[in-house]
Amino acid sequence: MHMLPNGMTFITSGFRQSENPRHFEKFYAQNNIKGRIYLFNMKNPRKVVQEMTLTSTEDFDKDKLQPHGISAWEDKTSGTVYLFVVNHERDGQEKIEKFQVLFDKLALQHVKSYYGDPTLKQVNDIVATSEDSFFYTNYLTTSSYIGRILETLALMPWADVGYFDGTAYRIVADGIMMANGIHMSRDGRFVYVVASLGHELRIYERRNDNSLHLREIYPLHSAPDNIIVDPVTGDLYIGLHPIGYQCMAHLDDPSVRAPSQVLQIKLKDGSVSSVTELFVDDGNLISASTVATVYNKKMLIGSFLDKLVYCDVDVPL
């Protein structure tokens with residue numbers, strides 16, 4: 001998910017990789033699942049989640065879209081909003097797609113595809129820093145199913161963070177055990193990365209050349225997935241998997257339920273000051289939560305393969 005300050009929230013759906021388990025593929029086929037991008041208005045929850053229209057171009061085939069991480073960038077001068085989406089393109093390669101958002105038409109107009117650089121390995125998430133630059137996480141180094149299993153079970157710290165400056169790609173942070181969600185502070189001074197296998201939040205100082213200096217590693221004692229930065233308070237909202245092996249079983253076979261958790265993390269001067277558990281569930285209401293966002297004491301929670309949950313929440317001030 002990515003939420004704009006006005007509560008408009010973009011949501012990717014149809015997460016899929018190459019060489020998925022048999023039960024996973026059966027689940028997709030039975031439910032006619034394909035890559036989609038949705039829009040939800042946190043100000044008007046009675047209006048259902050709306051699917052956005054995509055149009056294929058010479059560089060982009062909407063029928064091959066398998067979206068993952070997402071980030072929006074708003075041009076303050078023109079008001080134009082650009083949406084960047086990680087695409088594990090079906091029968092293709094790792095890509096990052098750039099769209100212009102046409103709110104009046106509920107459509108996404110494809111602008112550009114980023115691909116072909118060796119630093120784009122297994123991309124998970126992205127955070128835009130301008131209309132043509134971004135940080136991105138590689139959560140694994142191999143695309144094969146067996147390779148992903150071995151790399152995960154061995155807890156290899158091979159994941160990293162890359163940066164594209166509009167011209168060139170480079171790795172700016174490494175040594176991470178499954179770099180997953182990434183986000184940036186409102187003033188752009190800090191970059192937040194969660195390590196799923198490391199069960200930690202990593203806070204980096206962003207330097208003038210966009211290199212990253214590790215400032216703090218904060219243990220979460222749960223497997224974090226994605227981060228949302230509150231556009232008003234700067235607080236972090238993280239979706240987590242409190243029992244890792246059950247989450248992995250859910251990815252192997254979606255009929256197996258996995259517990260869910262959401263944390264709010266407050267920061268002061270770039271360091272963690274408090275942590276509050278806002279939500280926890282055994283998997284019956286929502287299985288394997290991946291992301292959450294909060295707007296006016298309402299919370300929207302997303303999941304790997306299950307559903308969205310919208311609920312009231314008491315948020316510490």
How close do [X] and [Y] get, counting heavy atoms only, and between which atoms?
X: Leu83; Y: Ala72; answer: CD1-CB, 3.8 Å
X: Met42; Y: Thr9; answer: CG-OG1, 3.5 Å
X: Val294; Y: Asp230; answer: O-OD2, 4.0 Å
X: Ala159; Y: Ala179; answer: CB-N, 3.2 Å
X: Arg215; Y: Asp269; answer: NH2-O, 2.6 Å
X: Val275; Y: Leu263; answer: CG1-CD1, 4.0 Å

I'd like to know if [X] pairs up with [Y] as an ion pair, taking the criterion as any Lys NZ or Arg NE/NH1/NH2 lying under 4.0 Å from an Asp or Glu carboxylate oxygen.
X: Lys95; Y: Asp59; result: no
X: Lys121; Y: Asp160; result: yes
X: Lys298; Y: Asp312; result: yes

Would you say the side-chain atoms of [X] pair up with the backbone N or O of [Y], donor to acceptor, closer than 3.5 Å?
X: Ser289; Y: Ser287; value: no
X: Ser113; Y: Glu97; value: no
X: Thr12; Y: His68; value: yes
X: Ser273; Y: Lys266; value: yes
X: Arg186; Y: Val232; value: yes
X: Ser13; Y: Ile37; value: no
X: Asp281; Y: Gly283; value: yes
X: Thr276; Y: Leu278; value: no
X: Asp282; Y: Pro259; value: no
X: Ser71; Y: Ala128; value: yes

Can you hop from [X] to [Y] via hydrophobic side chains spaced under 4.5 Å?
X: Ile171; Y: Val161; result: no
X: Phe190; Y: Val127; result: no
X: Leu39; Y: Leu4; result: yes
X: Tyr218; Y: Val191; result: no
X: Leu197; Y: Ile238; result: no

[X] vs [Y] side-chain heavy atoms within contact, under 4.5 Å:
X: Lys105; Y: Thr53; answer: no
X: Tyr192; Y: Arg202; answer: no
X: Phe27; Y: Ile33; answer: yes
X: Met184; Y: Thr129; answer: yes
X: Ser133; Y: Tyr163; answer: yes
X: Val172; Y: Tyr204; answer: no
X: Thr137; Y: Asn180; answer: no
X: Ile96; Y: Phe164; answer: no

[X] side, atom [atom1]; [Y] side, atom [atom2] - distance, nearest 0.5 Å:
X: Tyr139; Y: Asp225; atom1: OH; atom2: CG; answer: 10.0 Å
X: His110; Y: Ser56; atom1: NE2; atom2: OG; answer: 9.5 Å
X: Glu200; Y: Ile176; atom1: CD; atom2: CD1; answer: 8.5 Å
X: Ile228; Y: Asp235; atom1: CD1; atom2: CG; answer: 13.0 Å
X: Glu216; Y: Leu267; atom1: CD; atom2: CG; answer: 8.0 Å
X: Lys34; Y: Leu65; atom1: NZ; atom2: CG; answer: 9.5 Å

Can a side-chain donor-acceptor contact be found between His88 and Glu94 if the only test is distance below 3.5 angstrom?
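Yes.
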In terms of heavy-atom contacts, does [atom1] of [X] have more than 12 from other residues, nucleotides or ligands at under 6.0 Å?
X: Asp314; atom1: CG; result: no
X: Lys307; atom1: NZ; result: yes
X: Asp104; atom1: CG; result: yes

If the plane angle is over 60° it's perpendicular, under 30° parallel, otherwise tilted; pick one for Phe304 and His250.
tilted
Do the rings of Tyr310 and Phe40 sit parallel, tilted or perpendicular, given the 30° and 60° boundaries?
perpendicular
Can you list the steps and then say if Leu305 with Tyr28 is a side chain to side chain contact (heavy atoms under 4.5 Å, CB included)?
CA-CA 9 Å; Leu305 304 165; Tyr28 264 66; 3.9 Å; yes
Which of these, Phe134, Tyr136, Phe60, sits in a ring-ring contact (aromatic ring centres under 6.0 Å, His included) with Tyr114?
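Between Tyr114 and the candidates, ring-ring contact (aromatic ring centres under 6.0 Å, His included) is satisfied uniquely by Phe134.
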Between His2, Met299, Met3, which is the residue that forms a side chain to side chain contact (heavy atoms under 4.5 Å, CB included) with Thr293?
Met3
Just do the side chain to side chain contact (heavy atoms under 4.5 Å, CB included) check on Asn41 and Gln50 with the steps written out, would you?
CA-CA 9 Å; Asn41 187 351; Gln50 297 176 288; over 6 Å; no
Just do the side chain to side chain contact (heavy atoms under 4.5 Å, CB included) check on Lys98 and Glu131 with the steps written out, would you?
CA-CA 9 Å; Lys98 176 184 175 182; Glu131 65 178 64; 4.2 Å; yes
Criterion side chain to side chain contact (heavy atoms under 4.5 Å, CB included) on Asn226 and Met1, from CA distance to verdict:
CA-CA 9 Å; Asn226 286 292; Met1 295 180 190; over 6 Å; no
Checking Glu151 against Thr141 for the side-chain hydrogen bond (donor to acceptor under 3.5 Å, both in side chains) test, could you report, in this order, the C-alpha distance in whole Å, the side-chain angles of both residues, the deciding distance, and whether it holds?
CA-CA 8 Å; Glu151 191 173 338; Thr141 60; 2.9 Å; yes
With sequence neighbours excluded, residues passing side-chain contact (heavy atoms from CB on, under 4.5 Å) with Thr167
Asp165
